[in-house]
Amino acid sequence: MYLLPLWASTFLVTSVVAKQCQNFSVPVTLCARNGIFNVPTLRDNHDASLFFANVTNPRGNFSNEVLLGYRTIDNTYDISVRFCRPDAGYGRDPTVQFLTHGIGFDKSYWDLPFKSYNYSYIDVAVDQYGFSTLSVDRLGIGNSSIADPLNIVQLPAELSAIYELTNMLRRGCLPNVPRAFSKIVHVGHSLGSILTYNLAAMHPTASDGLILTAFSLDSAFIGATFDAWASKLARNNQPKRFGHLPTGYLTWANASSNEKTFLDPGFFDPAILPFSEATKEPFTTGEVLTLSGSPSTAPAFKGPVQVLDGNQDFIFCGGDCSPASDAATIPGAVAAAFPAARAFDAYIQPNTGHGINLHYNATNAYRVAQEFLIAHGLGP
Ligand SMILES: *[C@@H]1O[C@H](CO)[C@@H](O)[C@H](O)[C@H]1NC(C)=O
Ligand SMILES: *[C@@H]1O[C@H](CO)[C@@H](O)[C@H](O)[C@H]1NC(C)=O
Ligand SMILES: *[C@@H]1O[C@H](CO)[C@@H](O)[C@H](O)[C@H]1NC(C)=O
Ligand SMILES: *[C@@H]1O[C@H](CO)[C@@H](O)[C@H](O)[C@H]1NC(C)=O
Ligand SMILES: *[C@@H]1O[C@H](CO)[C@@H](O)[C@H](O)[C@H]1NC(C)=O
Ligand SMILES: *[C@@H]1O[C@H](CO)[C@@H](O)[C@H](O)[C@H]1NC(C)=O
Ligand SMILES: *[C@@H]1O[C@H](CO)[C@@H](O)[C@H](O)[C@H]1NC(C)=O
C-alpha cells in the first residue's frame with residue numbers, strides 16, 4: 001500500500017476546502033453631508049426619461065440647479081458584507097482588500113456564481129495570493145438596507161459607510177472578524193472606484209493602496225451612457241425582483257443597453273449577458289445627482305495607485321482606453337490627481353469592456369492587480 005506523506009494529505013485537504021468566507025450584516029452609523037434636491041417623485045417610465053433629459057442637458061448642471069442645500073445624515077443602516085480569508089490562515093501582517101462594486105452589480109461581482117466561480121476576483125486574491133477580502137453591498141443595494149433613493153442613497157452616504165467599515169477593520173471591531181488590520185487596500189469597480197477615489201481624497205490615511213478598475217476622471221461619456229441605458233423604473237423593468245422598491249430606483253432598459261455599455265463583443269461567454277441582465281441591481285436618482293461631486297485631486301494620498309481599465313471601456317473612455325500608461329491617455333491622466341502617491345500605474349487590459357469581470361480573461365487582469373500590490377509592499 002502506498003502511503004501519502006503527511007504534508008501531501010494536508011495539502012489535498014486544504015486545497016479542496018479553499019477560502020473561508022462568511023456573509024453577515026453590520027449596523028453602520030453614517031456621518032455624511034447629503035444634498036437636498038428639488039426633483040419631483042418619479043411616477044412612471046416617462047418621468048424617468050424626463051429626469052435623464054434634464055441630467056444630460058448640455059446647457060447646464062442639473063444637480064446644481066435643483067440643489068436646495070445640504071442635510072447631515074447620521075442614521076444607522078445595515079450593510080451586508082462578505083469576509084473571506086485564506087484557508088491556511090493569515091500571514092504575519094496580513095493585508096485585507098476592501099472591495100466596492102459599481103452600478104448594476106452587488107458584492108457578488110467579486111465572486112460571481114457563474115460557471116463554477118470561474119470569474120472570481122476573490123478566488124484570485126484569497127486562494128492564489130493569500131489576501132483577505134471584505135466585499136460589501138453598497139448602501140441601498142443588494143442585501144444592504146433599502147433607503148430613500150433621492151435623499152439617502154447618495155455618494156456621500158455610501159462613502160461614509162465605506163469609511164466606517166474601514167475603521168472597524170483597522171481597529172479590530174468588525175463583528176465576526178476578531179483581529180485588527182494595519183494594511184487595508186481599497187479596490188473598486190466603476191462607481192465603487194469613484195467612491196474609493198473619494199475616500200483617498202477626503203480621508204487620505206484611511207487606505208494604504210488603491211486599485212481603481214473601470215475608472216477615469218473623464219466624465220465626457222456619461223451622457224452617452226445614460227442615453228444607451230434608456231433607464232426605466234426598476235419596479236417596472238423587473239417587477240418580480242424590484243416591485244417593492246420606491247420609484248427613485250432605476251435600471252437600464254434591457255440586455256442591449258447592458259451589452260453596449262459593459263461588454264466588448266466577441267470576448268465574453270454569450271451566456272453571461274442574460275445572466276448579468278437577470279441578476280442586475282438598480283441605481284438611484286440620488287446617485288445620479290451626486291455622481292459629479294468628486295474632488296478633482298487627492299493631493300494627500302501617499303499610497304500606491306493602480307488604474308486598471310478594459311481597452312474598450314465605453315463609460316470612462318468612450319470605447320478606447322489604449323495605449324497604456326501614457327499620461328496623455330484617459331487612464332494615464334488620473335496620475336495628475338495623485339501628486340503624492342508613492343507609485344502610479346495605468347494598466348490597460350486587452351479584449352475587455354467596462355464590465356471587466358464579465359470577460360473571459362478577467363482573472364488574468366486580477367493577477368496584474370495582486371502583483372502591483374505585492375510589488376509596492378502591500379503583499380498578503
Ligand atoms: C426636469 O426639469 C424641469 C425644468 O427644470 C422641471 O420642471 C422638471 O420637474 C424636471 N423633471 C424631472 C423628472 O427631473
Ligand atoms: C453570500 O454572498 C454572496 C455574494 O457575494 C452570494 O453569492 C452568496 O450566495 C451568499 N451566501 C449566502 C449563504 O447567503
Ligand atoms: C473556466 O475558465 C477556463 C479558462 O480560464 C476555461 O478553460 C474553462 O473552460 C472555464 N470553465 C468553465 C466551466 O467555464
Ligand atoms: C442576499 O441574501 C440572499 C438570502 O440569504 C442570498 O441568497 C443572496 O445571495 C444574497 N445576495 C447578496 C448580494 O449577498
Ligand atoms: C432595448 O431598449 C431600447 C431603449 O428602450 C430599445 O430601443 C430597444 O429596442 C430594446 N431592445 C430590445 C432587444 O428589447
Ligand atoms: C454640478 O453641481 C454639483 C452641485 O453643486 C457639483 O458638486 C458638481 O461638481 C457640478 N458638476 C460639474 C460637472 O460641474
Ligand atoms: C489576458 O490578460 C493578461 C493580463 O492582462 C494579458 O497579458 C493577456 O494578453 C490577456 N490575454 C488575452 C487573450 O487577452
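Start at 1 and go down the list; that is how both ligands and their atoms are numbered. None of the values given here were measured: they were computed from a predicted structure. Values reported hereafter were calculated over all heavy atoms of this structure, with side chains retained and with hydrogens, waters and symmetry mates removed.
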Enumerate donor-acceptor pairs with a distance under 3.5 Å from any side-chain N or O in residues 60-74 to protein atoms, sequence neighbours excluded.
residue: Asn61; atom: OD1; partner: Ser63; partner atom: N; Å: 3.2
residue: Asn61; atom: OD1; partner: Asn64; partner atom: N; Å: 3.1
residue: Ser63; atom: OG; partner: Leu289; partner atom: O; Å: 2.8

Legend entry - Residue Pro40 vicinity, atoms of ligand 1 by number, heavy atom under 4.0 Å: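 What qualifies from ligand 1 is 9 (O).
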Inset, instruction - Give the numbers and elements of all ligand 1 atoms closer than 4.0 Å to a heavy atom of Phe62. - result: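 Ligand 1 atoms under the 4.0 Å threshold to Phe62: 2 (O), 14 (O).
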Legend entry - Residue that, paired with Tyr249, satisfies side-chain contact (heavy atoms from CB on, under 4.5 Å) out of Ile146, Asn237, Thr285: Ile146
Legend entry - Any N/O pair Asp47/ligand 1 closer than 3.5 Å: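 The answer is no, given that Asp47 and ligand 1 share no N or O pair closer than 3.5 Å.
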Inset, instruction - Determine, step by step, whether Asn151 and Asn34 satisfy the side chain to side chain contact (heavy atoms under 4.5 Å, CB included) criterion, reporting the C-alpha distance in whole Å, the side-chain angles of both residues, the deciding distance to 0.1 Å, and the verdict. - result: CA-CA 7 Å; Asn151 298 305; Asn34 270 18; 5.9 Å; no
Inset, instruction - May I ask you to check if Lys302 and Phe344 form a cation-pi contact, with NZ or CZ under 6.0 angstrom from the six-membered ring centre and within 45° of the axis? - result: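 No, Lys302 does not sit over the ring of Phe344.
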Legend entry - Test of ring centre spacing under 6.0 Å for Tyr366 and Trp110: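 No - the distance between ring centres of Tyr366 and Trp110 does not fall below the 6.0 Å cut-off.
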Legend entry - Phe105 ring center within less than 6.0 Å of Phe262 ring center: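 Yes, the ring of Phe262 comes within the 6.0 Å limit of the ring of Phe105, centre to centre.
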Give a table of atom pairs where an N or O of ligand 2 lies under 3.5 Å from a protein N or O.
residue: ligand 2; atom: 2 (O); partner: Asn23; partner atom: OD1; Å: 3.4
residue: ligand 2; atom: 2 (O); partner: Asn23; partner atom: ND2; Å: 2.4
residue: ligand 2; atom: 11 (N); partner: Asn23; partner atom: ND2; Å: 2.8
residue: ligand 2; atom: 14 (O); partner: Asn23; partner atom: ND2; Å: 3.4

Inset, instruction - Indicate yes or no: does Lys19 engage Asp87 in a salt bridge with an N to O separation below 4.0 Å. - result: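 No.
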Legend entry - Same apolar cluster (I L V M F W Y, side chains within < 4.5 Å links), Phe114/Phe267: no
Legend entry - For Asn118, atoms of ligand 3 separated by under 4.0 Å from a heavy atom: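 Selected atoms, number and element: 1 (C), 2 (O), 3 (C), 8 (C), 10 (C), 11 (N), 12 (C), 14 (O).
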